[in-house]
Enquirer: 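The structure is given below, and queries will be raised subsequently.
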Amino acid sequence: MNKEALYSVGCDEMPGAPPNGPPPVPFVLAVGVTGHRVDMLPEGSIPLLRGRIRDVLMQIKEAGCALLEAERGSFAQYEPRLRFVSPIADGADQIAAEVALELGWELEAILPFERQAYRDSLATADARGRFDTLVGRAACLLELPGNPTHGLDAYVMTGRATVAHCDILIAVWDGLPPRGRGGTGEVVQLALTRGTAIIHVPLAPGGDTRILWSAFDPTVLTVADDPGVARPLERTDVDALLRGLLMPPPDAQEQHFLRRFLHERLRRIRARIEYSLLLTATGVRPFRARDLTTRHAEAQIRDEWRRYRAGCAEAHHISAEIDLLEESYSWADRLATHFAQTYRSGHIFNFVLGGFAVCLGLSAFITPHLKFEEASLEVLITMAIILNAAIGAHQQWHRRWLDYRQLAERLRPMRSLKLLGIAAPDPPGTETNPIPKRWIDWYASGMWRAIGCPSGDIDQPCAARLATAIADHEVEPQVGYHERNAKQIELLDHRLEQTGMVLFATTLIVSIATAVGLGIGADFVSRYGNWFTLISAGFPALGTAVFGIRFQADFGGDALRSMATANTLRQIDSELRKDVTLSRAADLAEQAARIMLSDLDEWRLVNQQRDLSVG
């Protein structure tokens, strides 16, 4: 997000700039609208509806500014943004958009099809004139590839896009179940099942405005007419709603890890290279100069995002504010890589030095005149192992690696989901309780919110080309990464297995030779007995160290998971290239993001108990 593009909407200005580290989350709140067309509104109800919508937006704005004032430390030192998402159809959509602009909200307009065709579909000259005014005042305009002759499908897409880009949905609605595709009732149900909060503005003069939110009944999936999810529109409930949506999880440990992430710094030189040396020692790949520095990874991320912008956004004339997303992803990805290498190197350090210490202790039989030096060196090795484990546990290399990798993989697919206009990541938390429970979910949701709605004209040919471009620049690279990763770590696991087998086989041969020699009274046993002792006791220690490295890293399981993910993503990649509709492309992109996160969730469960310890 460009700082110059941020402007105040009535809250106090927040001076200052982000620290020289990962970017904090800006304060952004998006409200959308869905509602009946003008011919469905009761006669004479427009002034009443306008007043109710004004009251809703005023309450949200005041509660948002109060929350920001009380919790400034949780957000970036940018000016806040309040966005209003509307399809600007005649009726409730136009009324709400006009009220929002009057109150200083930033309008984001989403049209079901090309703007001139949509304008022509409006019922009256007055509605078309108001449409022109709203389009002229909109901060962004997204035109979807609907067909005016098949309006229901187009309105389904519009509703989906509105829900994708808002935190709260104002529903000017008669309260009845969906009576067909694309109607207000269907949009309300979609929003509720996705965890989006709904403010129901009733059409009847005597009806009460209320909040519908699945988090009010967090134990089961709910529907719009379930009283368990409803609350009256009162300031205390609005405050609770915004706090649940916008604030980090209250858990002290989660807040600690969020603060730690925001204060992370990356050194240019990588001190822990044991993992890279292991790859070289086992013949998996040669040691490279870039293994010693973070500059290559930073440049690689920058080049990859530049290619993505050129091939996806710029090539299809779709704009979205993804600068802040790129910066956030770059930090998360580089930190994840750093702590992965640090954590893995720490384990290799402990296992290898542990095995070497055993061999060193046994070598006293061969070089008795160096017993003091060997004992001193063994003490130093033991102290190094304990210190390495203590530092790793204290600095939580393990947790930071897992968290930052999960965060990076949540952030990267957001660029494609945004460009598709109607797609969105899965809501944070759970299906029944869409409130972030972990700081990475909150941070990712905040960055999604900060991007806002894209601008551009997506007709059907553009949608098909964009799907192919996303396959080229988003999905296929992930397929390639997972295939390469699977092959590399499978080879590493195989080489380590071979090394362990050689060590144990050598031990077996020496043990048999010793037994045979003792049985026949051969003098070579007494002549080389100390060496035989070193091999028969030391090599199993080294073999056990190799086994420990394999077990702790779970290279074999990681390879299987990577290949399974690659195969699934390959199917999605193939489907994206089949001249698909925008809805189909959005479904596929959402599923691709879901698959990558599912792989990470399983991977995290496997690894989260394997912290660096000597116990």
Enquirer: Main chain of D291, side chain of H296: is a donor-acceptor contact present, judged purely on distance under 3.5 Å?
Expert: no

Enquirer: Keeping the roles fixed (side chain from R265, backbone from N20), state whether a donor-acceptor pair exists under 3.5 Å.
Expert: yes

Enquirer: Assess R399 against W401: is NZ or CZ under 6.0 Å from the centre of the six-membered ring, and within 45 degrees of the ring's axis?
Expert: no

Enquirer: Minimum heavy-atom separation for A97 and L107, please, with both atom names.
Expert: CB-CD1, 4.0 Å

Enquirer: Over all heavy atoms of both residues, which pair between E474 and P413 is shortest? Give the atoms and the distance, please.
Expert: OE1-CA, 4.1 Å

Enquirer: Can you tell me how far the CG atom of L82 sits from the CG atom of L57, to the nearest 0.5 Å?
Expert: 9.5 Å

Enquirer: Is the shortest heavy-atom distance from the side chain of E326 to the side chain of L411 under 4.5 Å?
Expert: no

Enquirer: Looking only at heavy atoms, which two atoms of I470 and C312 are closest? And how far apart?
Expert: N-SG, 4.1 Å

Enquirer: Can you tell if the side chain of V172 reaches within under 4.5 Å of the side chain of R52, non-hydrogen atoms only?
Expert: no

Enquirer: Once rounded to the nearest 0.5 Å, what's the spacing between atom OH of Y275 and atom OH of Y343?
Expert: 12.0 Å

Enquirer: For the side chain of Y308 and the backbone of S416, is there at least one donor-acceptor N/O pair under 3.5 Å apart?
Expert: yes

Enquirer: Could you tell me whether R405 and E409 have a side-chain N and a carboxylate O separated by less than 4.0 Å?
Expert: yes

Enquirer: Is a donor on one side and an acceptor on the other found under 3.5 Å between the side chain of W439 and the backbone of R259?
Expert: no

Enquirer: Going by the rule salt bridge (Lys or Arg N to Asp or Glu O under 4.0 Å), which residues pair with R267 if we only count those two or more places apart in sequence or in a different chain?
Expert: none

Enquirer: Against D167, only a single residue in R83, R449, R194 fulfils salt bridge (charged side-chain N to carboxylate O under 4.0 Å, His left out); can you say which?
Expert: R449

Enquirer: How long is the span from the CG atom in D441 to the CD atom in E254, to the nearest 0.5 Å?
Expert: 8.5 Å

Enquirer: Is there a donor-acceptor contact under 3.5 Å from the side chain of T158 to the main chain of L111?
Expert: no

Enquirer: Do we get R272 above F349's six-membered ring, with its NZ or CZ under 6.0 Å from the centre and within 45° of the axis?
Expert: yes

Enquirer: Please round to the nearest 0.5 Å and tell me the distance separating atom CD1 of I198 and atom OG1 of T34.
Expert: 9.5 Å

Enquirer: Using side-chain hydrogen bond (donor to acceptor under 3.5 Å, both in side chains) as the criterion, list what pairs up with T430, not counting sequence neighbours.
Expert: T432

Enquirer: Taking atom types as modelled, find out whether T133 and R137 have a side-chain donor-acceptor pair closer than 3.5 angstrom.
Expert: no

Enquirer: Which of parallel (below 30°), tilted (30 to 60°) and perpendicular (above 60°) describes W173 and H200?
Expert: tilted

Enquirer: I need the single residue from I440, D403, L335 that forms a side chain to side chain contact (heavy atoms under 4.5 Å, CB included) with F261. Which is it?
Expert: L335

Enquirer: Show the nearest heavy-atom pair for residues F27 and G64, with the distance to one decimal.
Expert: CZ-O, 3.4 Å

Enquirer: Is the side chain of T209 donor-acceptor paired with the backbone N or O of V201 at a distance under 3.5 Å, no angle test?
Expert: no

Enquirer: Do you know the tightest heavy-atom contact between P454 and C140?
Expert: O-SG, 4.0 Å

Enquirer: Checking E590 side chain against A424 main chain: does a donor-acceptor pair fall under 3.5 Å?
Expert: yes

Enquirer: Under 4.0 Å between a Lys/Arg side-chain N and an Asp/Glu carboxylate O for R412 and E304?
Expert: no

Enquirer: Which pair of non-hydrogen atoms, one from S345 and one from E274, has the smallest distance, and what is that distance?
Expert: CB-OE1, 3.0 Å

Enquirer: Measure the CH2-CG distance between W448 and L325 for me, rounded to the nearest 0.5 Å.
Expert: 9.5 Å

Enquirer: Donor-acceptor pair, R410 side chain versus Y443 backbone, under 3.5 Å?
Expert: no

Enquirer: Show me the donor-acceptor pairs, under 3.5 Å and distance only, between side chains in residues 231-249 and residues at least two apart or in other chains.
Expert:
from: R235; atom 1: NE; to: D239; atom 2: OD1; distance (Å): 2.8
from: R235; atom 1: NE; to: D239; atom 2: OD2; distance (Å): 3.3
from: R243; atom 1: NH1; to: E71; atom 2: OE2; distance (Å): 3.3
from: R243; atom 1: NH2; to: E71; atom 2: OE2; distance (Å): 3.4

Enquirer: Indicate yes or no for a side-chain donor-acceptor contact from K61 to the backbone of L103 under 3.5 Å, with no hydrogens or angles considered.
Expert: yes

Enquirer: Judged by atom type as modelled, is there a donor-acceptor pair below 3.5 Å linking the side chain of N388 to the main-chain atoms of G346?
Expert: yes

Enquirer: Between W305 and Y329, how do the two ring planes meet: parallel, tilted or perpendicular, split at 30° and 60°?
Expert: tilted

